[in-house]
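Here is the structure we will look at.
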Amino acid sequence: MGSGTPSKQYDPGPVEERWREYWNQLDLFHAGQDLSKPPFCIVIPPPNVTGSLHIGHALNNTLQDILVRWKRMDGYDALWMPGTDHAGIATQNVIERQLHSEGLSRESLGREQFVVRIWKWKQEVGGTIIRQLKRLGASCDWKRERFTMDEGLSRAVLEVFVRLHEDGLLYRAERQVNWCPRCETALSDIEVVHEEREGKLWHILYPFADDSAGGLIVATTRPETMLADTAVAVNPEDERYVGAVGKTVILPLVGRRIPVIADSYVSREFGTGALKVTPGHDPNDYEIGRRHGLPIINALDSKGNLSQKFLVDDAGKPLDSPAARYVGLDRYEARRQIVEDLREEGLLVKEEAYRHAVGHCYRCQTPIEPFLTPQWFVRMSPLAGPAIQVVEEGQVQIIPETWKNTYFEWMRNIRDWCISRQIWWGHRIPAWYCLSCNKDRLVRTYSAATSEGRGSEHITFLPDAVPIVARQAPQTCPRCGSSQIEQDPDVLDTWFSSALWPFSTLGWPEPTADLKRYYPTDVLVTSFDILFFWVARMIMMGLKFMGDIPFRQVYIHALVRDAEGQKMSKSRGNVIDPLEVMERTGTDAFRFTLAAFAAQGRDILLSEERIEGYRHFCNKLWNASRFTLMNLDGEAAAGAPPSREEMDLAERWILSRLSAVVENTRQSLDSYKFNEAAGQLYQFVWHEFCDWYLEMAKPRLAQSSPERQTSRQILQEVLDAALRLLHPFMPFITEEIWSHMPGSRQSIATAPYPKASEWVRDPEAESKMNLIMEAVGGVRTIRGEIGMPTGKRVSALIRAKDPEAVQILEAHQRSIALLAGLEKLETGVSVQRPRGAATAVLPDMEVYVPLLGLIDFQEEKQRLEKEIRKVQADLEFIARKLANPNFPDRAPADIVQKEKEAQQALLDKRGRLEQALHRVMENLED
RNA sequence: GGGCGGAUAGCUCAGUUGGGAGAGCGCAGCCCUUACAAGGCUGAGGUCACAGGUUCGAUCCCUGUUCCGCCUACCA
């Protein structure tokens, strides 16, 4: 910029490229280089290694970057710990899709090769999101980048698992868990997304087994599960069914005899009041089954297809049934077939539309199946207690506070966490089984050799198998000495490792210097949708294993939606691709937009047009800087800082405003009000610095001006401060401009963040300046309203309220004339309005612009009348208020005083407007 | 079913010790003014969702209603 002709338009592309490179080379964001500084630490919410940057990441990381850059400039040893997580199910799905397209499967590859393949893929593609974060300008400490499957983090996972087990907080048990038949794994409760769906409620007749006529009619939304029914239940208080309890019914299609039982769980109001009981496929039915000792039939296999296990009689003996034809069908195909068959047999009594919530896999949207399998669980309530307490007591502060309720609600009703996953990508559970000790507690299955791979043996350990949990694989069984030992095939929930992130990334379980220095971290920035998944679990694990909270504050930001308020999703096709936006409008404009919209407690509705406005802001800043640099002409404005006496009004004013905006910005950032901070800076740069200060500085900057040097100093000082204030929001453009500022050093990223005390608040300058702005505004309004060409010079007269105002106006005649486009200005307390002039009535003055022959006085008359009406309305309102005897009695004195003054001012204004109107009438009469 | 949030200019949104509401975009008018037309100046545009209550005074606090989001939940 310093050499050649700088472009009038800011071109972000090459600039961003260059600075990214530069920051990287300088290691500017590497923490721990100066231990004398106080530490400040944020850990990134690790994005999925499979992921690519979406708008939510962009917001989340922009806000973190603002905080980190701010703190770094403000003298902290700022560590922003980056990394990714291995996203077990999601990543496995990606690779499986790849294999599928190659005509392969993970089974044909085998576990070991499959995992090798994922690692290879991770090395090649897994860096995408990290590159994109760098593109966004994220000032992470990239040298410290971690991955949840790293050796170190894996050690942390192992250690935590073993210790939890030692402390009795882990157990393995057979429970009905949420099962995704597509991913073929268990999920935790919060990984199930409930969605309302249009379904059907089918009423089915189960005939009595004895010869008596009729039977019971049950209602169900899932007729295919009837194959696994082991009872029909009614409410014990239900008079309709008193005779039925104890009887037996014949399960249609299957032919199994099942009992009618009484259980108070059954609602008399719902459906027919009779409930088919399927302990194998419904959590409530499972409980009923336990209460009544009912057999449990698992009619589905892990893929959601019908197995043959339902072909049993009431004694559990194989049953020869026509229902055998359903074996092998997919659960929905089976449903369709069964409904059809029931209808044919005349057992389908009714079919009605019914809307109900269905659980879906959050990874693949497949409807969840309640599925009875042995799984590992973490006992949560002992961990939840302390985690609730630290939030209650404010050791961990949740911002905005409203999310505390959500947190408490979940934590107080927390259920045990199913952490085992039946997939291959992830941390293998450190539990082993002795094949000899458990020989009666395992099931061996064999898959046949196929064209695509060898056959293999699969061993499933039954719920009562005895595990050996250890940090290292045992060579022999500690009980029987056998070396026939097999590791648990399951891996851990990805969130299990994420829960350790704030300390595992810092080196735990080793007592590292980083851990000592940066833990607890200062703030976690995230969105509410992972409050349970991640935030709550980090607090629990931090307290358990570090004995301390993982972070002092949690800032929960909004969710980004599209302009219609819809959640952005690929299927809706309404995603805004942040990379595309950055490409087109520049990263800084995009970041500034996100910050400006990040008001607390509300979602962000983003559309691309809104980013445009902030692109313009970048350009404005660019051009103001161009102007400044042109005037500095490559040399630092030398000399001692100008004294107050050397400065003119505009200079004192802009420094006073700067001091105010610094203070406000800091306050806003301190309380995570990013939108306020962005708004204040925008207002300051555009509407104070550019609109007023720069315009008033122009004459003083002229080559011939004796004040030129002072002006240059102030100009440089203010722009420099503004750039530093803006840097956390707009790192690239500020770095670019700053680098061209005379005397700038290494990088603006390490320049000090401005402090309000560096400049003085100058109320006198501010109030005098307001007078100037009032005068200029008055002339401009008249010009604007009568549509006078901007270039046309006119003269103006100002009658000021008091001599002091006259003095100020006269002292700044030159500025006023320049800004208002005047060739002549006359000021005084008793200036008379010339004939044929338009009038602006202002609080401290009246402005007259003689326009004889230029103005339609009829219009001027209407304008004045309109304003009188406005003033009149205000006066009536205020008069009513003052007329209320209670008002002066009960309202605070200063408020009453203020109202009285306002009334006086309005009366005064009305009088002056009426006079102006009166004179216009005279013109009309001429 | 339970809980949380929202309703303010044409659009998107700000607005805390309660004292007659602001911004950006859009719109209209005038201007290529030597940093910037991605610009400058000016203007129009509001029953602060509705109904009550508290108060001298309510966009703001309380209650209810309507509409819209979201979270959560084992009546099939």
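Lettering follows sequence order; numbering is per chain, from 1. What you see is a predicted model, and the numbers here were worked out from it, not measured in a lab.
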Any side-chain heavy atom of A/R910 sitting closer than 4.5 Å to one from A/Q872? yes

Take the protein atom NZ of A/K881 and the nucleotide atom C1' of B/rA58, then report the distance between them rounded to whole Å. 11 Å

Rounded to the nearest Å, what distance is computed from the CG atom of residue A/N664 to the P atom of nucleotide B/rG15? 15 Å

Less than 4.0 angstrom between a side-chain N/O of [X] and OP1 or OP2 of [N], yes or no?
X: A/S267; N: B/rA76; value: no
X: A/H687; N: B/rG24; value: yes
X: A/Y354; N: B/rA76; value: yes

Can you tell me which nucleotide in B/rG19, B/rU12, B/rA76 comes closest to the side chain of A/F597? B/rU12

With a 4.0 Å heavy-atom cut-off, tell me which residues in residues 890-906 of chain A come close to RNA chain B, sorted by residue number. A/R890, A/A891, A/P892, A/I895, A/K898

Quick one, which residues of residues 406-416 of chain A touch RNA chain B with a heavy atom under 4.0 Å? A/R415

Can a donor-acceptor pair be found between the side chains of [X] and [Y] at a distance below 3.5 Å?
X: A/Q903; Y: A/E899; answer: no
X: A/T406; Y: A/E409; answer: no
X: A/R197; Y: A/H360; answer: yes
X: A/Y286; Y: A/Q176; answer: no

Sequence-distant partners of A/E198, salt bridge (Lys or Arg N to Asp or Glu O under 4.0 Å), two or more places apart: A/R355

Listed by chain and number, what are the salt bridge (Lys or Arg N to Asp or Glu O under 4.0 Å) partners of A/R415, not counting sequence neighbours? A/D189

In whole angstrom, give me the gap between the [atom1] atoms of [N] and [M].
N: B/rG6; M: B/rU59; atom1: C1'; answer: 14 Å
N: B/rA76; M: B/rG53; atom1: P; answer: 43 Å
N: B/rC48; M: B/rC71; atom1: P; answer: 32 Å
N: B/rC27; M: B/rC60; atom1: P; answer: 33 Å
N: B/rC32; M: B/rC68; atom1: C1'; answer: 47 Å
N: B/rC11; M: B/rU34; atom1: P; answer: 39 Å
N: B/rG43; M: B/rG26; atom1: C1'; answer: 14 Å

Pairwise 5' ranking along RNA chain B for A/N886 and A/R780, keeping only the more 5' one: A/R780

The answer to which of A/K276 and A/R615 contacts RNA chain B further toward the 5' end, by nearest nucleotide, is A/R615

Exactly one of A/F597, A/F674, A/Y614 clears ring-ring contact (aromatic ring centres under 6.0 Å, His included) with A/F592, and that residue is A/Y614

Strictly under 4.0 angstrom, non-hydrogen atoms only: write out the protein contact profile of nucleotides 25-37 of chain B, one letter per nucleotide from the 5' end, B, S or -. -----BS-B-BBS

Do the numbers put A/K620 on top of the ring of A/Y682, so that NZ or CZ is under 6.0 Å from the six-membered ring centre and no more than 45° off the axis? no

Dot-bracket notation for RNA chain B, counting Watson-Crick and G-U pairs under 3.5 Å, with | for partners on another strand: (((((((..((((.....[..)))).(((((.......))))).....(((((..]....))))))))))))....

Could you tell me whether A/E867 and A/K870 have a side-chain N and a carboxylate O separated by less than 4.0 Å? no

Stepwise ring pair (Phe, Tyr, Trp, His ring centres under 6.0 Å) test for A/Y362 and A/F533: CA-CA 12 Å; A/Y362 86 132; A/F533 277 101; 5.6 Å; yes

